[in-house]
Engineer: 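Dropping the structure in here first, questions after.
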Amino acid sequence: MRLQHIHLPSLSPYTRASALQDRLVHACLAYKASPSLHPVLKPSIITAQFHPVYTCGRREQGTVSAEQQAYLCADGRADFHYTLRGGQTTFHGPGQLVAYPILDLKRHGLTPRTYVSLLERTLIKTCAQYGISTMTTEHPGVWVTPDSKIAALGVHLRRNITSHGIGLNINTDLWWFSRIVACGLEGKSTTSFQDQGVVDKSVEEVGQAFVQNMATALEGVESIDEVAEDAIPP
C-alpha cells in the first residue's frame, strides 16, 4: 500500500486545505458505501501552513460571540472558522506544520484510541530527530514539559475515516497563542522548535520528516507518493 502526500506550497488559506480534505474524505466514504462503484483511495496526508486563523472544535460550535470573533480576527489579520475536530480553540499560522491524515482506520488495524497514540508517537519521533525531547501528558497533544505544549492534536472520525490532525509549531509567532486559552487549558503555555533553540528549520523539511515517520508507523504502508493537489479528483 502506498501513502499519498499532498503538500500545499507556501501559505494557504485554511479553507483550501479544508476543501481538499473534504474531497478525500468523501471519496473514502463513497468507496465504503459502494466498493464496486468507486476506486479504493490510498491513505493520504495533507501538509500545509496556513494564513493566520483561529479554529474552534465541535465542542464550541456556535458559542463564540461576534465580539469574540472580531477580537480573534485582529482587525483582519486572522480568520476564524468552526470545525468538526475534537478540542477547543487553537491557532494555525505561518511557521506551523499542519498535517491532516485521511485514512480508514480498519485498513491499518487501528482503533480511535490507538490512532491518537500513533499521532502522538509520530510527533515525538519527529521532534526527537531535531533534538527536542517531548512527552504526552493527561492532556491532548505533545509537550516539552507538563506545562508547555509544542504540538496540538484534534481529529474527527466518520465511519472510521479520519480527518483533521496535528499542528506542530516550528517557528510560529507565539503571540497569537497569548490571545486565547489554547485548547481550553488554563495555565499552560505554547512553545516551538525556535523557542526551544532549534532554528533555521522549515515547515517543509519537518513536514517531510513527519510524513515519513507516519508512513513507517502505519501498518501496510510500504512507500510514499508525492501528489499534486490538482491530481486529486474533484
Side-chain angles (χ1 to χ4, degrees), residues 2-27 42-56 72-83 85 89-103 119 122-123 126-127 129-130 132 142 150-155 162-180 182 190-196 198-215 224-234:
R2 302 177 72 87
L3 174 71
Q4 61 180 9
H5 175 211
I6 307 107
H7 175 65
L8 303 183
S10 67
L11 291 180
S12 300
Y14 166 79
T15 51
R16 176 183 174 189
S18 179
L20 176 59
Q21 173 180 246
D22 287 347
R23 283 156 55 193
L24 291 164
V25 168
H26 290 156
K42 298 174 185 175
S44 306
I45 300 183
I46 302 167
T47 58
Q49 56 179 324
F50 295 153
H51 291 290
V53 59
Y54 289 99
T55 64
C56 288
L72 292 174
C73 289
D75 295 322
R77 294 168 59 195
D79 294 326
F80 173 86
H81 291 283
Y82 287 113
T83 75
R85 62 164 172 79
T89 304
T90 195
F91 172 78
H92 304 296
Q96 183 192 74
L97 168 66
V98 172
Y100 289 165
I102 300 94
L103 50 91
L119 288 176
T122 302
L123 284 164
T126 303
C127 290
Q129 287 178 232
Y130 295 92
I132 301 173
V142 168
I150 197 167
L153 191 155
V155 301
T162 68
S163 57
H164 298 279
I166 64 95
L168 175 60
N169 299 318
I170 310 304
N171 49 38
T172 323
D173 183 350
L174 300 178
W175 173 81
W176 291 101
F177 290 97
S178 70
R179 306 175 71 246
I180 58 173
T190 304
T191 189
S192 67
F193 273 40
Q194 183 171 279
D195 198 41
Q196 295 297 310
V198 179
V199 299
D200 299 326
K201 301 301 177 185
S202 69
V203 169
E204 289 77 13
E205 176 188 338
V206 180
Q208 287 288 348
F210 178 85
V211 171
Q212 183 60 62
N213 290 334
M214 188 81 179
I224 301 169
D225 290 330
E226 298 292 334
V227 178
E229 178 184 7
D230 58 11
I232 303 302

Engineer: Ignoring hydrogens, what is the shortest heavy-atom contact between Ala209 and Gln129? Give both atom names and the distance.
Structural biologist: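 In terms of heavy atoms, the two residues are closest at CB-NE2, 3.9 Å.
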Engineer: Answer yes if the side chains of Thr55 and Arg85 hold a donor-acceptor pair under 3.5 Å, and no otherwise.
Structural biologist: yes
Engineer: Does the side chain to side chain contact (heavy atoms under 4.5 Å, CB included) test come out yes or no for Gln96 and Val98, once each step is laid out?
Structural biologist: CA-CA 6 Å; Gln96 183 192 74; Val98 172; 3.5 Å; yes
Engineer: For the residue pair Asn213 / Thr126, report whether a side-chain donor-acceptor contact shorter than 3.5 Å exists.
Structural biologist: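 Yes, a side-chain donor-acceptor pair sits under 3.5 Å.
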Engineer: Is there side-chain contact between Ser44 and Val227, with heavy atoms separated by less than 4.5 Å?
Structural biologist: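 Not in contact.
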Engineer: When you compare the side chain of Tyr100 with that of Thr47, does any pair of heavy atoms fall below 4.5 Å?
Structural biologist: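 A side-chain contact under 4.5 Å is absent here.
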Engineer: Write down the atom of Ala228, the atom of Ile6, and the distance for their closest heavy-atom approach.
Structural biologist: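 For Ala228 and Ile6, the tightest heavy-atom pair comes out as C-CG2, 4.3 Å.
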Engineer: Passes side chain to side chain contact (heavy atoms under 4.5 Å, CB included), Cys127 versus Leu168? Steps please.
Structural biologist: CA-CA 9 Å; Cys127 290; Leu168 175 60; 3.9 Å; yes
Engineer: CZ of Arg16 to CZ of Phe50: how many Å apart, nearest 0.5 Å?
Structural biologist: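 It comes to 10.0 Å.
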Engineer: Measure the spacing between OG1 of Thr190 and CG of Asp195 and express it to the nearest 0.5 Å.
Structural biologist: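 Answer rounded to 0.5 Å: 9.5 Å.
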Engineer: Would you confirm whether Arg2, through its side chain, and Lys42, through its main-chain N or O, come within 3.5 Å as a donor-acceptor pair?
Structural biologist: no
Engineer: Can you tell if the side chain of Gln208 reaches within under 4.5 Å of the side chain of Glu226, non-hydrogen atoms only?
Structural biologist: yes
Engineer: Under the 3.5 angstrom rule, does the side chain of Ser18 hit a backbone N or O of Thr15 as a donor-acceptor pair?
Structural biologist: no
Engineer: Quick one: pull up OG in Ser202 and CD1 in Ile170 and give me the separation to the nearest 0.5 Å.
Structural biologist: 8.5 Å
Engineer: Drop me the distance from Ile45's CD1 to Leu3's CG, to the nearest 0.5 angstrom.
Structural biologist: 4.5 Å
Engineer: With under 30° as parallel and over 60° as perpendicular, where do the rings of His5 and His7 fit, or are they tilted in between?
Structural biologist: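 Correct class here is tilted.
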Engineer: Applying side chain to side chain contact (heavy atoms under 4.5 Å, CB included), run through Val155 and Thr162 and close with a yes or a no.
Structural biologist: CA-CA 7 Å; Val155 301; Thr162 68; 5.9 Å; no
Engineer: Do Pro52 and Pro94 have side-chain heavy atoms sitting under 4.5 Å apart?
Structural biologist: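 A side-chain contact under 4.5 Å exists here.
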Engineer: Working to the nearest 0.5 Å, report the span between CD of Gln196 and CD1 of Ile150.
Structural biologist: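 Going from the CD atom of Gln196 to the CD1 atom of Ile150 covers 5.5 Å.
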Engineer: Say you draw a straight line from CG of Asp173 to CD of Gln194; how long is it, rounded to the nearest 0.5 Å?
Structural biologist: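 The distance works out to 9.5 Å.
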Engineer: At their closest point, which heavy atom of Thr122 faces which heavy atom of Phe210, and how far apart are they?
Structural biologist: CG2-CE1, 3.5 Å
Engineer: Could you tell me if Gln4 and Asp225 have a donor-acceptor pair between their side chains, going purely by distance under 3.5 Å?
Structural biologist: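 Distance-only check fails for Asp225 and Gln4.
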Engineer: If you compare all heavy atoms of Ala74 against all heavy atoms of Arg179, which two are closest, and at what distance to 0.1 Å?
Structural biologist: CB-NH2, 3.9 Å
Engineer: Given the rule in the ring pair (Phe, Tyr, Trp, His ring centres under 6.0 Å) test, do Tyr54 and Phe91 qualify, once you have shown the distances and angles that lead to the verdict?
Structural biologist: CA-CA 5 Å; Tyr54 289 99; Phe91 172 78; 5.2 Å; yes
Engineer: Report yes or no: do Ser12 and Gln49 form a side-chain donor-acceptor pair below 3.5 Å?
Structural biologist: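 Side-chain D/A pair, Ser12 to Gln49: absent.
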Engineer: Mind checking whether Tyr130 and Glu205 have side chains closer than 4.5 Å, heavy atoms only?
Structural biologist: yes
Engineer: Side-chain contact, heavy-atom cut-off 4.5 Å: Ser163 with Gln21?
Structural biologist: yes
Engineer: Looking at Ala151 and Leu123, what are the two nearest heavy atoms and their distance?
Structural biologist: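 For Ala151 and Leu123, the tightest heavy-atom pair comes out as CB-CD1, 3.9 Å.
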Engineer: Only one of Asn169, Ile132, Asn171, Val203 forms a side-chain contact (heavy atoms from CB on, under 4.5 Å) with Phe193, so which one is it?
Structural biologist: Ile132
Engineer: For side chain to side chain contact (heavy atoms under 4.5 Å, CB included), just list the numbers for Thr90 and Phe177, CA-CA rounded to whole Å, side-chain angles, deciding distance to a tenth of an Å, and then say yes or no.
Structural biologist: CA-CA 7 Å; Thr90 195; Phe177 290 97; 3.9 Å; yes
